[in-house]
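These notes concern the structure reproduced below.
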Amino acid sequence: MTGGFEGPGTAPTTALPAVVARVTALADRLGVAHSEVFDVGRLSVASGVPESVVRALLSGRSAGEPDVQSRFVQRLDLLRRTRLKPNGRKYTQQEIADGAGMSRQQAGALINGDRRPTMEHCDAIQRFFRVHAGFLTAEDPEALASVLQHTEQELLQKLADRERRAAAVAGDPLERLLQDHGVRGIAWRAAQLPTDQHRDKVAEWLDMLLESVQRPTS
């Protein structure tokens with residue numbers, strides 16, 4: 001395999017504080033405990049970031065950043081400890097090598113940190129362990145932000161489900177429209193768009209949609 005791995009992922013690390021703030025707001029609105037959505041152990045397993053670093057990043061502190069090879073070895077070790085075979089045992093070097101299409105010597109050198117990984121190595125091992133692209137390479141804040149974005153989507157779905165049930169009880173046609181089209185979720189996401197031009201386009205669409213339904217007059 002050829003092609004060196006030159007650097008970490010490209011997502012801005014400044015995204016993490018914004019995601020944490022949105023997840024916090026959603027959890028508060030839904031009455032979900034912060035200890036549940038920000039469970040350090042779960043976030044560590046899902047992102048590959050060590051628990052101590054997860055704690056530091058969630059509190060807004062810098063925890064340093066390992067070099068590319070150290071990050072790879074650290075994340076691969078976590079995968080081997082947490083993504084086990086059906087019998088509960090760790091995958092062997094030979095099994096990883098066979099599954100990733102490389103020799104046992106190559107796999108051993110990568111696992112032990114004796115060889116610098118290429119993008120091809122990373123992609124093959126990520127596919128073998130069935131984790132998302134970038135799991136082995138993303139910088140810690142980026143990796144944690146990615147996992148929290150999934151949490152955000154789950155909370156948005158819970159919020160939509162709750163409001164849909166409330167609208168059904170109320171029998172309000174405007175409320176039903178808001179829920180049927182996921183308007184509140186769309187508005188929440190629109191607030192995170194990078195420019196006013198993007199947000200204005202979403203606002204224009206929402207205005208047209210809301211104007212199409214009138215509340216019954218009392």
Side-chain angles (χ1 to χ4, degrees), residues 1 3-17 19-20 23 34-154:
M1 296 184 182
F5 174 61
E6 298 299 333
T10 57
T13 56
T14 53
L16 179 59
V19 177
V20 170
V23 170
H34 290 188
S35 59
E36 179 180 340
V37 294
F38 295 116
D39 180 85
V40 171
R42 177 185 67 84
L43 293 174
S44 176
V45 170
S47 66
V49 179
E51 291 189 13
S52 60
V53 178
V54 171
R55 290 191 187 93
L57 292 174
L58 289 178
S59 65
R61 304 194 311 272
S62 173
E65 186 70 41
D67 61 37
V68 171
Q69 188 164 355
S70 298
R71 186 189 308 135
F72 173 88
V73 172
Q74 171 187 292
R75 302 266 176 91
L76 180 52
D77 177 68
L78 182 140
L79 284 178
R80 295 189 72 204
R81 289 186 286 106
T82 60
R83 274 67 166 181
L84 304 176
K85 294 189 290 187
N87 63 9
R89 295 183 178 180
K90 290 168 47 172
Y91 286 98
T92 65
Q93 289 186 7
Q94 187 64 63
E95 288 168 334
I96 294 172
D98 292 343
M102 63 182 71
S103 69
R104 181 178 179 178
Q105 290 73 22
Q106 284 180 312
L110 291 168
I111 289 170
N112 295 325
D114 297 329
R115 178 169 182 169
R116 184 180 177 85
T118 65
M119 287 302 298
E120 289 84 356
H121 291 140
C122 295
D123 290 343
I125 293 173
Q126 287 163 174
R127 286 195 299 271
F128 174 75
F129 282 103
R130 297 181 180 180
V131 293
H132 60 270
F135 184 96
L136 293 168
T137 59
E139 291 185 355
D140 290 342
E142 178 190 346
L144 183 56
S146 177
V147 171
L148 286 173
Q149 284 170 345
H150 287 290
T151 300
E152 180 185 8
Q153 295 304 312
E154 292 171 358

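- When all heavy atoms are compared, the tightest approach of Val49 to Ala143 is CG2-CB, 4.0 Å.
- Remark: Ser62 pairs with no residue by the side chain to side chain donor-acceptor pair (under 3.5 Å) rule, at least two apart or across chains.
- With sequence neighbours excluded, the residues forming a side-chain contact (heavy atoms from CB on, under 4.5 Å) with Arg89 are Lys85, Asn87, listed by chain and number.
- With sequence neighbours left out, the ring-ring contact (aromatic ring centres under 6.0 Å, His included) criterion links Tyr91 to Phe128, Phe129.
- In this structure, NE2 on His150 lies 12.0 Å from CG on Leu43, to the nearest 0.5 angstrom.
- Interatomic distance, Gln74 CD to Asp67 CG, rounded to the nearest 0.5 Å: 10.5 Å.
- The ring-ring contact (aromatic ring centres under 6.0 Å, His included) check on His132 picks up Phe135, with sequence neighbours excluded.
- A distance of 12.0 Å separates CD of Gln106 from CD of Gln93, quoted to the nearest 0.5 Å.
- Side-chain contact check for Val131 versus Arg75: every heavy-atom pair is 4.5 Å or farther apart.
- Not counting sequence neighbours, the partners of Ala46 by the side-chain contact (heavy atoms from CB on, under 4.5 Å) test are Val147.
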Next item on the list: Show your reasoning for whether side chain to side chain contact (heavy atoms under 4.5 Å, CB included) applies to Leu144 and Val20.
Entry: CA-CA 10 Å; Leu144 183 56; Val20 170; over 6 Å; no
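- When side chains are defined from C-beta on, Arg42 counts as touching Thr151, because their heavy atoms get closer than 4.5 Å.
- Glu95 approaches Thr92 most closely through the heavy-atom pair OE1-N, 2.9 Å.
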Next item on the list: Assess whether salt bridge (Lys or Arg N to Asp or Glu O under 4.0 Å) is satisfied between Asp77 and Lys90, documenting all intermediate values.
Entry: CA-CA 10 Å; Asp77 177 68; Lys90 290 168 47 172; 5.3 Å; no
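- Residues Ser103 and Ala97 approach most closely at O-CB, 3.5 Å, considering heavy atoms.
- Using a 4.5 Å heavy-atom cutoff, the side chains of Arg71 and Glu139 are in contact.
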Tell me which donor-acceptor pairs under 3.5 Å the side chains of residues 50-61 have, and how far apart each pair is, sequence neighbours excluded?
unit_1: Ser59; atom_1: OG; unit_2: Arg55; atom_2: O; d: 3.2
unit_1: Ser59; atom_1: OG; unit_2: Ala56; atom_2: O; d: 2.8
unit_1: Ser59; atom_1: OG; unit_2: Arg61; atom_2: NH1; d: 2.8

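- Contact check for Ile125 versus Leu110: side-chain heavy atoms found under the 4.5 Å cut-off.
- Residues Arg115 and Gln69 approach most closely at O-NE2, 3.3 Å, considering heavy atoms.
- Taking OG from Ser146 and CG from Leu16, the interatomic distance works out to 11.0 Å, rounded to the nearest 0.5 Å.
- The side-chain heavy atoms of Leu78 and Ser44, taken from C-beta on, include a pair separated by under 4.5 Å.
- Distance CG/Leu148 to CD/Glu154: 10.5 Å, rounded to 0.5 Å.
- No donor-acceptor pair closer than 3.5 Å links the side chain of Glu152 to the backbone N or O of Val19.
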